[in-house]
2 protein chains.
Amino acid sequence: MEQPDTRTKLLDVAEKLFAEKGIGATSLRNIIAEADVNLASIHYHFGSKEALVREVFARRIKPVNAERLQRLDKLEESGEQSAPELEELIRAFIEPAIRLKFEEPERMKFILRLISLLQSDGGELRELFTDLFEEVATRFLAALQKSLPHVSQAELFWRFKFMLGSMFMIMSHPPVHDVKFIETSELDPESILAQVIPFLVAGFEAPAAEN
Amino acid sequence: MEQPDTRTKLLDVAEKLFAEKGIGATSLRNIIAEADVNLASIHYHFGSKEALVREVFARRIKPVNAERLQRLDKLEESGEQSAPELEELIRAFIEPAIRLKFEEPERMKFILRLISLLQSDGGELRELFTDLFEEVATRFLAALQKSLPHVSQAELFWRFKFMLGSMFMIMSHPPVHDVKFIETSELDPESILAQVIPFLVAGFEAPAAEN
DNA sequence: GTCTATAGCCGGATAGAC
DNA sequence: GTCTATCCGGCTATAGAC
């Protein structure tokens with residue numbers, strides 16, 4: 001059994017604690033206690049708490065976004081002239097995150113909660129969110145526009161945001177202390193995809209508002 | 001010009017700073033500095049930081065949820081035997097929050113960002129979220145079920161969560177430091193409702209997944 | 001690369017005068 | 001109800017031995 005090095009252990013523990021307690025509420029001391037390493041090692045490996053936070057996110061998000069772009073590339077290649085199908089686009093965006101969440105729970109169970117936290121953050125974390133997602137958002141918005149030419153740019157923008165909202169709700173499910181007013185339902189990726197994809201396809205295809 | 005009392009001033013400033021910097025990152029000292037009151041006054045009026053946080057949320061959320069329930073009551077009365085229309089139900093849920101956000105921006109501009117923060121919180125704040133929303137969620141889920149008898153309970157639950165996700169995205173719009181990859185579009189409540197309602201109606205009515 | 005020790009600051013909370 | 005003064009613990013960061 002390979003022992004993770006200190007740097008990896010720090011990232012793992014930080015990720016877990018950030019997801020459980022929030023970033024601001026997690027101190028470096030909390031992290032080094034649970035990782036069973038020395039306080040100074042965080043500064044040695046990352047330089048500061050802020051740099052640690054950035055690395056916690058980047059380590060997980062970059063591969064997921066790379067997969068999204070790769071799938072988008074494939075869709076755009078194979079279609080060539082005709083625009084990719086809406087459902088395939090949505091799936092290319094949603095599925096990499098969902099599959100990771102449920103199929104590699106040990107690796108991903110914390111970070112996906114954290115991303116929705118990033119989104120609603122009002123502070124400096126927001127900038128990090130933009131850095132990490134700008135390319136994916138731009139490319140997918142353009143592809144969606146080609147598949148839905150009758151939807152105005154403003155509408156498409158909102159529908160894309162609503163899609164993000166649905167994804168964040170999935171990502172932060174189940175709540176750490178489970179919400180009482182709902183029954184926790186199926187948690188395998190297939191069921192969840194089967195729930196969210198038809199919902200989003202119907203939403204994207206909804207008739208335009210007559211503004 | 002009526003001067004707000006200390007208690008109100010504290011709630012206002014706390015709300016603003018929580019939304020801007022996050023709750024964990026906002027200290028009581030930040031708050032009393034901007035409110036220009038004494039440090040001890042927070043403990044005098046609220047007892048602790050945690051109690052202040054609870055009150056910041058409750059003050060804003062309770063009236064919105066009361067309005068939602070009132071509108072739901074009316075829909076259920078007037079329909080009597082037949083179930084209320086789906087679009088009306090969605091509107092009764094979404095509209096009170098949206099209208100407040102855009103029509104009373106001074107009063108509501110901070111708290112609505114905060115609520116989406118509550119939702120993605122993994123810690124004790126989650127409990128507060130449940131306390132504040134349990135009744136509304138239960139009542140609306142039941143009403144939606146009656147209007148959509150062919151949708152299974154599990155599906156309805158997810159679609160309800162997706163609706164919350166869309167609402168949170170609206171609430172946290174625009175991001176404090178605006179995201180670069182999107183153009184900020186229309187910000188009046190009518191346009192936004194005209195975007196979100198058709199999206200959600202279509203999503204709720206989407207054909208069931210063939211699991 | 002890892003550790004101890006500590007600097008120096010900021011946090012929430014409270015006692016007690018007014 | 002408001003204020004000052006203060007307790008005491010936790011925080012990030014760094015210096016310097018090994």
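Just so it is clear: chains get the letters A, B, ... in the order the sequence lines come, proteins before strands, and each one is counted from 1.
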Practice item. Test side chain to side chain contact (heavy atoms under 4.5 Å, CB included) on A/Ile31 and A/Leu52 and set out the steps. Key: CA-CA 11 Å; A/Ile31 296 169; A/Leu52 168 64; 3.9 Å; yes

**Study point:** side chain to side chain contact (heavy atoms under 4.5 Å, CB included) between A/Asn65 and A/Glu135, intermediate numbers included
**Key:** CA-CA 9 Å; A/Asn65 280 347; A/Glu135 186 186 2; over 6 Å; no

Point to revise | Check: B/Arg7 and B/Val37 side chains under 4.5 Å, non-hydrogen atoms | key: no

Check your understanding: Within the pair B/Thr6 and D/dT2, is there a side-chain N or O less than 4.0 Å away from OP1 or OP2?
Key -> yes

**Study point:** Between P of D/dC11 and CD1 of A/Ile31, the distance in whole Å
**Key:** 10 Å

Exercise for review: Take the protein atom NZ of A/Lys9 and the nucleotide atom C1' of C/dT2, then report the distance between them rounded to whole Å.
Suggested key: 12 Å

Check your understanding: Roughly how many Å is it from CD1 in A/Ile32 to C1' in D/dG10, rounded to a whole number?
Key -> 12 Å

Check your understanding: In whole angstrom, what separates B/Asp5's CG from D/dG1's P?
Key -> 9 Å

Check your understanding: Roughly, in whole Å, what's the span from CD in B/Glu50 to P in C/dG12?
Key -> 13 Å

Revision key, fill the gap. Taken to the nearest whole Å, CG/A/Leu10 to C1'/C/dT2 is 12 Å

Practice item. Please report how far the helix from C/dG1-D/dC18 to C/dC18-D/dG1 bends, comparing the axis fitted to its first five pairs with the axis fitted to its last five, to the nearest 10 degrees. Key: 0°

Practice item. Could you label the plane-to-plane angle of the A/Phe199 and B/Phe162 rings as parallel, tilted or perpendicular, counting under 30° as parallel and over 60° as perpendicular? Key: tilted

Point to revise | Nearest to side-chain heavy atoms of B/Leu28, which nucleotide of C/dA13, C/dG11, D/dC11 | key: C/dA13

Check your understanding: Whole Å only: how far is the NZ atom of B/Lys21 from the C1' atom of C/dG11?
Key -> 12 Å

Review point. So do the side chains of B/Glu34 and B/Lys16 get within less than 4.5 Å of each other, counting heavy atoms only?
Key: yes

Practice item. For atom CG of A/Asp36, decide whether the heavy atoms of other residues, nucleotides or ligands shown that lie under 6.0 angstrom number more than 12. Key: no

Check your understanding: Okay, side chain of A/Asn30, backbone of A/Leu17: is any donor-acceptor separation there less than 3.5 Å?
Key -> no

**Study point:** Donor on one side chain, acceptor on other, A/Asn38 and A/Ser41, under 3.5 Å
**Key:** no

Check your understanding: What residues in residues 36-43 of chain B put a non-hydrogen atom under 4.0 Å from any atom of DNA chain D?
Key -> B/Asn38, B/Ala40

Revision key, fill the gap. Of the candidates C/dT2, D/dT2, C/dG11, the side chain of B/Arg29 sits closest to C/dG11

Point to revise | Spacing of B/Leu52 atom CG relative to C/dG12 atom C1', expressed in whole Å | key: 12 Å

Enumerate donor-acceptor pairs with a distance under 3.5 Å from any side-chain N or O in residues 86-98 of chain A to protein atoms, sequence neighbours excluded.
residue: A/Glu87; atom: OE2; partner: A/Arg91; partner atom: NH2; Å: 3.3
residue: A/Glu95; atom: OE2; partner: A/Arg99; partner atom: NH1; Å: 2.7

